[in-house]
Amino acid sequence: MKKNGIVIAGTGEYAMALYDRYKLTDRNDEIAFFLSSYLDGKKNIDDKYVYTIEEKKGYLKGKDVIIAEPSEKSDQIVEALKTVHVGSLTTMTDDDYLDNDVIAIELCKNLPVQRNKVVFYCYSGRGYSCNCKYIAESLLKEGGFELVWVVDRTNSKRDVSEIPDGIKCVEIYSVEYYKEVCSAAVVVSNKNACPKVVKRPEQYYINTWYGIGPFKTYGVDDKSINRDAEKMMRFLCEQDVFDLRIAASNYCAYVYRHSLKYHGEILKCGYPRNDIFFGDTEKKEIIRKKLKIKDNQKVVMYAPTFRGGAFANEDAYRYYNLNIIDVKKALEERFSSEFVVLYRLHKSLRQFEWYKNNFGIGMDVADYVDSQELLAVTDVLITDYSSIMWDFSLTGKPVFLYQSDLEEYSSRNGFYLNPSEWPYPKSLSNEQLCSQIIEFEETVYGEKLQQFMDEYGTFDDGNASRRIIDRIKDVSQNPEKYGKLIVPQYNVRDEYYIRCTVPKVSIIVPAYNAERYIKKCVDSVLRQTLRDIEVICVDDGSVDSTASILDELAQKDYRVRVIHKINEGYGKAINVGVDNARGKYIGIVEADDTVLLNMYKKLYVRASKYELDLVKAQCYHCWDSVGYRYTNHVVKMEPYYEKVLTSADRSLFFLFFMNTWSGIYRTDFLKKYGIKHNESPGASFQDNGFWMQTMSFAERAMWITDNLYLYRRDNEGSSINGQGKPYAMLEEYKWVEDCLRKKHVPESTISICHYWRLYRHRGNLRRISDGLKREFMPVIVSEYNDYSKELKIGEDESIVEWYRGVVTSPQEYCENIIVTKNQICRDLDKVQNIYIFAAYYYRHIIKQILIGMGLSDKLKAIILDGALDEDRIGLTPVKNLYDMELDYENAAVIVYYDRSIYEGEVDKVKALGCVKVIDGHILMDTIYSC
């Protein structure tokens, strides 16, 4: 349609919904004006004039008119336009209007992500408070960010007038809401993710949570949620959308992992909302004046937990039957001061007579949005099970617990820690509570409270907001560091992207029960800067929602083709994909992995320019659950990167990192040599055989230095993490040797196959279970006897020495590594901290082993003697050996240096008081790197 050539007939909700779509796609200049069949008072909408049909009849000739009114009105407009020769006439249906949310989301998800935009979604848009408020105000003060706050005025009467200038408010489910959320680089929530919006790969989601401390249960531990299986499933599915959760205590971190089943990064930084307790007396005076509290008055606040809508009735009095008059008298007697009573119960309870009668004195602060401000001016807190007690404990002031329904609440909801172990005075009746207040011993209470806080660990020190701001700034400025690349925006329906006859690259995505990762995987492929691709997704008989997810992706982008088949294994799935591929080159992406923005463009440019049979990038090995990545770059091969290697260099091909998925292969090359994957059952190292074939037949190849593929290593379902199938690797190499012999390759190539067959046994032995180790040892010895002469090919003395140790006394060697492995596991389990003291390459390998052992939380530092060559490795800080913060008395140090200096390095560690030194050489020989 021509610029300024569209006329919207209508000025109501339908017309506004349609106009919003044009504005979202920056096409509002295509709208010439609006028509109205009657004068409704509107003279213009934005810069577009509103006319009646009669006024503009002479100007409508050749114009494209879209009728945007309900069906009962649109017929009248059609009738009025019968005598006018418009260019085209389209009617917006009722379904179009009802689908406005869906359409808005579709349009918004292609908006550019703005790296300085942060959206806040706090308590489902109900109020301006909690951690989100304090982060927003700190960012506002910092400057340089566009801040947006989601509000829900429809379902909440909470006051949002206190949201300061400089923070934009958008109504939830409005077009502006979709636009702002979809274009934000960072989204911060204290509960759930923004509804109806699907997180984009470029976005970074932070969850600040709202509860804290070892009190009432959450998530899978909350009996009230656990009774509803569907609700629980929805709840758990929402958790891993977040890239980061912040923790204010060690128990926070425990709850995230155990109760919310969260697998991502946890930043132990404190809660920004608690910064208010550390200083800022001026702010507290402002709050007191706002509440009209006199200088000589103290404040007691009663803030019990809300027991849910089912318990908001006339009978609820028994849960909240605090005798405020008697309690106030007891407080004034014990603390020799006049008290002002604040009470903060759920607003739904106000409707009941008992509420009005019981809480007649004092001040109802249920409408006061920010409870943290109330706590800041409170001198005594009375609650029951609410986690508010943890926050208030940071002040050191008295907390009294009134738990008249303790037994009932415990059986219905549950606790992490028995209330008898909480450090606060507890009572089941008003009389008991008043006695507790009168007899309150401040010194005894203070000691108990401090001991409790020390045991469960608080990270609050007044600087939590600063730490979060630093992370948000880092994400904004360095998105690649967090896997959040800026991607090109496009509309797959544009004519420019019409179906091509021969795509440049066909990408095969084999998938089996990959519902957790598959959408993110395919999205990363579709957003490639190389647009001329096809994506062939082979669903290998999945029994979860993988198939439906793939079908939905295919509906949205014509470049996606889905093949559904019965379950026959990884190798067969890829072969089916290759057989259906139309591209000049073929790539493979595993369903739980992702690729970076420009991977296939970089590979294709080189492949076509140098007429390569294959070209491969480097990859990141990713453990997203612990925030760690490691490149597969092979240092000794640096002279050969970015060079065209030919068949004369074939021996070099095998020395680069082994994988099949970080590159592309010329389709004609694969067909010429009949290169396929082994169609063995399941996912059992079929990539080895494909790799061996491509290395054996390629005439022209290149390896580039860019890290472009993200290889997930923390998927528990991955075959690489399995402890079974000891013979799978052996069978794979038998199969590929047979393939190579049938194609009459030179014996020198067969010898290379034998070398790698022997080489894989070392890692395979560490990977499999102890029982299978004993069973497999005779096989390793037999293999060595058959092919030992081939070990010289690799020029790797370590593998030769390993086999010498194995074949000398196989069963003794096997038992020794089992005993040693188990002892190392016990030693590491006993200590609080683990440090790695090792040279560059090996510190990464050891870190990966610890991740595989589930000990990443214990790994507190990488230590070096001398200048630090890195600040951190993943989330693990790098520190000097003599750093005073290191706690050697409660730590195990894993040492790995060349044997010639190893003992000297161990002596350094022992001199610092280390209780346990682990030999890194032995660790690496006995435990598998995940």
Ionic contact status for Arg757 with Glu732, cut-off 4.0 Å:
no

salt_bridge(Lys519, Asp523) N-O dist < 4.0 Å
yes

Minimum heavy-atom distance between [X] and [Y], given as atom pair plus value:
X	Y	value
Leu603	Ser662	CD1-O, 3.9 Å
Cys521	Glu590	SG-O, 3.5 Å
Ala591	Tyr517	O-CB, 3.5 Å
Phe653	Ala698	CE2-O, 3.6 Å
Tyr585	Leu612	OH-O, 3.0 Å

For Asn688 and Arg760: C-alpha separation, side-chain torsions, deciding distance, then whether side-chain hydrogen bond (donor to acceptor under 3.5 Å, both in side chains) applies.
CA-CA 10 Å; Asn688 280 254; Arg760 303 292 182 215; 3.1 Å; yes

Any pair with a residue in residues 742-756 that passes salt bridge (Lys or Arg N to Asp or Glu O under 4.0 Å), sequence neighbours left out, goes on the list, sorted by first then second residue, please.
Asp738-Lys742, Arg741-Glu747

Considering only residues two or more places apart or on different chains, which pairs with a residue in residues 608-625 satisfy salt bridge (Lys or Arg N to Asp or Glu O under 4.0 Å)?
Asp613-Arg666, Asp624-Arg712

List the residues meeting side chain to side chain contact (heavy atoms under 4.5 Å, CB included) with [X], not counting sequence neighbours, and say none if there are none.
X	answer
Thr926	Ile817, Thr820, Lys821, Ile824, Ile922
Lys671	Thr667
Ile780	His761, Leu765, Phe776, Met777, Trp802, Tyr803, Val806

Ring-plane angle category for [X] and [Y], please: parallel below 30°, perpendicular beyond 60°, tilted otherwise.
X	Y	answer
Tyr755	Tyr759	tilted
Phe656	Tyr641	perpendicular
Phe690	His677	parallel

Please check: side-chain N/O of [X] versus main-chain N/O of [Y], any donor-acceptor pairing under 3.5 Å?
X	Y	value
Ser542	Asp539	no
Asp557	Leu553	no
Ser782	Pro778	no

Do Gln686 and Ser680 have side-chain atoms, one donor and one acceptor, less than 3.5 Å apart?
yes

Residue pair Glu737 / His754, side-chain donor-acceptor N/O under 3.5 Å
yes

CA sep, side-chain torsions, deciding dist, call: Glu679, Asn575, side-chain hydrogen bond (donor to acceptor under 3.5 Å, both in side chains):
CA-CA 8 Å; Glu679 295 183 358; Asn575 290 342; 2.9 Å; yes

Trp661: ring-ring contact (aromatic ring centres under 6.0 Å, His included) partners, not counting sequence neighbours
Tyr709, Tyr711

I'd like to know whether CD of Glu552 has more than 12 heavy-atom contacts from other residues, nucleotides or ligands below 6.0 angstrom.
no

Looking at Tyr610, does the NZ or CZ of Arg606 lie under 6.0 angstrom from its six-membered ring centre and within 45 degrees of the ring axis?
no

Which one of Tyr897, Phe837, Tyr896 satisfies the ring-ring contact (aromatic ring centres under 6.0 Å, His included) criterion with Tyr842?
Tyr896

Kindly determine whether Glu699 and Ser647 satisfy side-chain hydrogen bond (donor to acceptor under 3.5 Å, both in side chains), including the steps that lead there.
CA-CA 5 Å; Glu699 298 292 327; Ser647 55; 3.3 Å; yes

